[in-house]
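Below is one structure, written out as structure tokens; comments come after it.
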Amino acid sequence: MALALFEDWCRIMSVEEQKSLMVTGIPLDCTEPEILEVLQETLKCLGGFRLLGKIFRKQENASAVLLELMEDAEASAIPSEVQGRGGAWKVIFKTPNQDTEFLERLNLFLEKEGQTISSMFRALEHKGLSPSTGPCTSPELLAHFLGQAMAHAPQPLLPMRYRKLRVFSGSTVPAPEEEPFEVWLEQATEIVKEWPIAEAEKKRWLTESLRGPALDLMRIVQADNPSISVHECLEAFKQVFGSLESRRSSQVRYLNTYQQEGETVSAYVLRLETLLQRAVEKRAISKSITDQVRLEQILAGARLNQALWCRLRELKEECPPPSFLELMKVIREEEEEDASYDSESMEEQDD
């Protein structure tokens, strides 16, 4: 199955199998820089390589990476495994005659075991062949039959197919083929989250969609920080090309949100929190002061009884101010106490 994954992955990434390697058995908590450090040392005899992607292999509970070699390498020079954190990492590669050699060995094995191709496919529960099918000495035909049989096996997790982004330039007057910033950003953010390839490849893919001022910004942020992540790149684009009007409107909407008639304080705070997080995303409010801003707005916009007002004023004087969950706990406790008091009062009136 590892070889099948390797072949499928090479086909999806449009790279030659003979110029690629797959390394499996990598611990899940290994970072890309750590993986590259191990591989650059152990595979330096093969020349340079590019890390094309990293995926999770459920059957091993480990990661696998795909490498593209920059130079042709002799199969004899490729190690079968490399020593990394957690033990040996297995190296998967394919020689030019590997298919024929494998199929010939399989055919010989079946003959020694007194089995036939048809019995093998019955074991695989393959319904497309007749049990009367005789032994197959042709590697090409055997490969065809094996392909049919294995097509019914569960498929490994593979990277999603390459999706090209529409062009974004950041120009004041965009060309007809260009996307508005918000549309481009939404598509880029979605794909970046789902596409399991190396950060370097993601940045290269992102850069392909950029023109003009947007491309200049990408070059500037990478020159300033060569190890910058794709997420950080997109954050920089939000800061430079995001709608200022949208930022202002999100801030104004938050600051003008008050508790409604019949609404509990906790329900108001929950509704307010959604608007606060939206304002933070738009950079209308700094994330570092959200706890302080939240408490101030509740004191200004909620209908508080005397006890809760005093409690929140005390919390405001504390440093640091309470988090959202801490604040909700205080408010819910006060609401439950009020509800209990009202219930007792009604019982006394009934008596």
Side-chain angles (χ1 to χ4, degrees), residues 27-31 56 61 182 185-186 188-194 196 228-239 242-351:
L28 295 178
D29 58 348
C30 269
T31 62
F56 168 64
N61 192 34
E182 295 296 338
L185 178 65
E186 182 178 357
T189 303
E190 177 187 355
I191 297 175
V192 162
K193 289 180 180 178
E194 297 177 355
I228 189 171
S229 68
V230 177
H231 174 73
E232 290 170 329
C233 289
L234 292 177
E235 287 298 314
F237 275 85
K238 289 180 188 178
Q239 188 171 353
S243 171
L244 291 176
E245 182 179 356
S246 177
R247 294 180 200 171
R248 295 194 192 98
S249 64
S250 65
Q251 185 182 48
V252 170
R253 187 179 300 111
Y254 173 77
L255 295 175
N256 286 277
T257 298
Y258 302 96
Q259 184 180 355
Q260 298 174 350
E261 189 71 34
E263 185 179 34
T264 64
V265 177
S266 57
Y268 164 66
V269 174
L270 188 59
R271 180 166 59 90
L272 189 69
E273 187 65 18
T274 301
L275 298 176
L276 175 58
Q277 294 304 322
R278 191 173 302 164
V280 170
E281 289 176 5
K282 296 290 185 181
R283 296 184 178 272
I285 296 175
S286 172
K287 188 174 182 179
S288 62
I289 61 171
T290 51
D291 291 340
Q292 175 187 339
V293 171
R294 179 190 302 110
L295 184 52
E296 290 176 349
Q297 183 59 27
I298 292 170
L299 286 166
R303 300 172 180 177
L304 307 172
N305 60 33
Q306 185 68 23
L308 184 54
W309 186 86
C310 291
R311 183 73 181 100
L312 296 185
R313 288 292 301 179
E314 291 174 1
L315 291 174
K316 185 180 178 183
E317 300 302 322
E318 295 179 2
C319 187
S323 66
F324 169 71
L325 292 178
E326 292 169 341
L327 198 57
M328 283 293 284
K329 183 176 184 294
V330 171
I331 292 171
R332 289 290 297 151
E333 287 175 351
E334 182 62 33
E335 287 179 340
E336 289 174 6
E337 189 173 333
D338 278 354
S340 177
Y341 176 79
D342 292 342
S343 177
E344 290 176 359
S345 298
M346 290 181 64
E347 290 177 359
E348 290 176 359
Q349 291 176 3
D350 292 339
D351 292 341

Hey, could you give me the [atom1]/[atom2] distance between [X] and [Y], rounded to the nearest 0.5 Å?
X    : Y    : atom1 : atom2 : value
L270 : T264 : CG    : OG1   : 9.0 Å
Y254 : L272 : OH    : CG    : 4.0 Å
F56  : N61  : CZ    : CG    : 5.0 Å
E336 : I331 : CD    : CD1   : 12.5 Å
Q239 : L234 : CD    : CG    : 13.0 Å
D291 : C319 : CG    : SG    : 11.0 Å

Identify, with sequence neighbours excluded, every residue that meets side chain to side chain donor-acceptor pair (under 3.5 Å) alongside [X].
X    : answer
T31  : none
K316 : none
R303 : E261
R283 : E235

Is the closest side-chain heavy-atom distance between E337 and E333 below 4.5 Å?
no
Could you work out, with salt bridge (Lys or Arg N to Asp or Glu O under 4.0 Å) as the rule, every residue matching E326, not counting sequence neighbours?
none
Please name all residues satisfying salt bridge (Lys or Arg N to Asp or Glu O under 4.0 Å) with E335, sequence neighbours left out, ordered by chain then number.
R332
Among pairs that include at least one residue of residues 262-272, which meet salt bridge (charged side-chain N to carboxylate O under 4.0 Å, His left out), considering only residues two or more places apart or in two chains?
E263-R271
Answer yes or no: are there more than 12 heavy-atom neighbours, outside E186 itself, under 6.0 Å from its atom CD?
no
Can any side-chain N or O of T290 pair as donor or acceptor with the backbone N or O of K287 at less than 3.5 Å?
yes
State whether the side chain of Y268 and the backbone N or O of T257 hold a donor-acceptor pair below 3.5 Å, judged by distance alone.
yes
List the residues meeting side chain to side chain contact (heavy atoms under 4.5 Å, CB included) with [X], not counting sequence neighbours, and say none if there are none.
X    : result
E273 : L276, Q277, R294, F324
E318 : R311, L315
L304 : V265, L299, A302, L308, W309, L312
A236 : V221

Smallest separation among heavy atoms of A279 and S250, with atom names
CA-OG, 3.7 Å
Taking atom types as modelled and ignoring hydrogens, do the side chains of S229 and E232 form a donor-acceptor contact shorter than 3.5 angstrom?
yes
